[in-house]
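As structure tokens, the structure follows; a few thoughts come after it.
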Protein chains: 2
Amino acid sequence: MTEIAISDAEWQVINVIWDGQPMTSQEIVAELSATTNWAPATVKTMLHRLTKKEVLTFDQQGNRYVYRARVRRSDCVRRECRSFVRKVFSGETSSLLAHFLKSSKLTAEEIQDLRNILDEQEAQS
Amino acid sequence: MTEIAISDAEWQVINVIWDGQPMTSQEIVAELSATTNWAPATVKTMLHRLTKKEVLTFDQQGNRYVYRARVRRSDCVRRECRSFVRKVFSGETSSLLAHFLKSSKLTAEEIQDLRNILDEQEAQS
DNA sequence: TGACATCGTTTACAAGTGTAGTTAATTACA
DNA sequence: TGTAATTAACTACACTTGTAAACGATGTCA
């Protein structure tokens, strides 16, 4: 079953990796410096832990590592969503949807896109 | 700013309190025994921590406490949702909505309700 | 008025987390 | 080839979390 637990800070790291892999650690550090105040050593720790958790892997080139994800973003997103809806909305996805639909200001275009998804969903049932 | 951090296990506890408050701890324990394997002492710890975090308060009646929430569920839900969408969907609520709309099987009725919400949202902009 | 049951409080403890300095190895430049 | 810079690994440390037993106070029933 291998429960992979990715912490909040680790999510920030692996998000940039999913967006730009393969990446060296200094590229990752550089990217994260835009959104955090983490010391480089902090990022290194995170990379180390994520590697240990088998979320990341790397190819060694000289004395530096080139990281990439070992797990699919979509799988992690799905898992995280599932536990979130369970925790906050008692597992009721429709409540969650209602909440986010109400609380967010969407553009006309986004609204249309969502309508289209609803149409598809309806067609499939 | 008072960052309130409610852990996963604590969410399970406060959820039953929001649903049934005011409640004594044995009522809370009883309710949770339906969904968890926690020892009563575990629940007590949680109640204690949530009280310390000022998420709960209580009235003393004899030697037992009657607990109720000090924070509104809607506020906690909102905060939790905000940090979740930031963590998993880079803050893009429309991505989150698309994900959940696609990944969940909704009844025709739920779909209609969501459409109505979309209509309202559109009308307001 | 004891003895027992029931509360909440205190203590426990390992694992995970956020945050980062220190160190040892390797590379690169002079 | 030696020294400076860079890199990943190791160590650190306080705080949170999940999980619960032990303890002391209080209430209850005989």
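First the proteins, then the strands, lettered A, B, ... as listed; each starts at 1. Below, all heavy atoms of this structure are taken into account, side chains as well, without hydrogens, waters or symmetry copies.
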Does Arg64(B) make a side-chain donor-acceptor contact with the base of dT9(C), cut-off 3.5 Å?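 Side chain to base: no pair present.
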Tell me which nucleotide among [options] gets nearest to the side chain of [X].
X        : options                   : answer
Ala41(B) : dA21(D), dG18(C), dT17(D) : dA21(D)
Lys44(A) : dG18(D), dG8(C), dA8(D)   : dA8(D)
Ala39(B) : dA20(D), dT7(D), dT19(D)  : dA20(D)
Ala9(A)  : dT19(C), dG18(C), dT10(C) : dG18(C)
Asp8(B)  : dG18(D), dT27(C), dG21(C) : dG18(D)

On DNA chain D, does the nearest nucleotide to Lys53(B) precede the nearest nucleotide to Thr42(B) from the 5' side, or the other way round? Give the residue. Lys53(B)
Distance in angstrom units between [X] [atom1] and [N] [atom2], rounded:
X        : N       : atom1 : atom2 : result
Phe58(B) : dC7(C)  : CZ    : C1'   : 12 Å
Leu47(B) : dT17(D) : CG    : P     : 15 Å
Met23(A) : dA8(D)  : CE    : P     : 13 Å
Lys52(A) : dT17(C) : NZ    : P     : 12 Å
His48(B) : dC23(D) : NE2   : C1'   : 14 Å
Leu50(B) : dT9(C)  : CG    : P     : 13 Å
Trp11(B) : dG18(D) : CH2   : P     : 14 Å
Tyr65(A) : dT26(C) : OH    : C1'   : 11 Å

Kindly give the heavy-atom pair with the smallest separation between [X] and [Y], and that separation in Å.
X         : Y         : value
Ser104(A) : Gln121(B) : O-NE2, 2.9 Å
Lys53(B)  : Ala5(B)   : NZ-O, 2.7 Å
Ile28(B)  : Met23(B)  : CG1-CB, 3.8 Å

Between Tyr67(B) and Arg49(B), name the one whose nearest nucleotide on DNA chain C is closer to the 5' end. Tyr67(B)
By nearest heavy atom, map Ile6(A) and Asn37(A) onto DNA chain C; which one lands nearer the 5' end? Ile6(A)
Which part of the nucleic acid, if any, lies within reach of Ser25(A) when heavy atoms closer than 4.0 Å are counted: base, sugar-phosphate only, or nothing? sugar-phosphate
Taking atom types as modelled, find out whether Gln61(B) and Arg64(B) have a side-chain donor-acceptor pair closer than 3.5 angstrom.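 Side-chain D/A pair, Gln61(B) to Arg64(B): absent.
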Any sub-3.5 Å donor-acceptor pair from Gln21(B)'s side-chain atoms to Ala69(B)'s backbone N or O?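 Checked: pair present.
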Between Gln26(A) and dT7(D), is there a side-chain N or O to OP1/OP2 distance below 4.0 Å? yes
Is there a side-chain contact between Ser7(A) and the phosphate of dG18(C), meaning an N or O under 4.0 Å from OP1 or OP2?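 True: Ser7(A) side-chain N/O within range (under 4.0 Å) of dG18(C) OP1/OP2.
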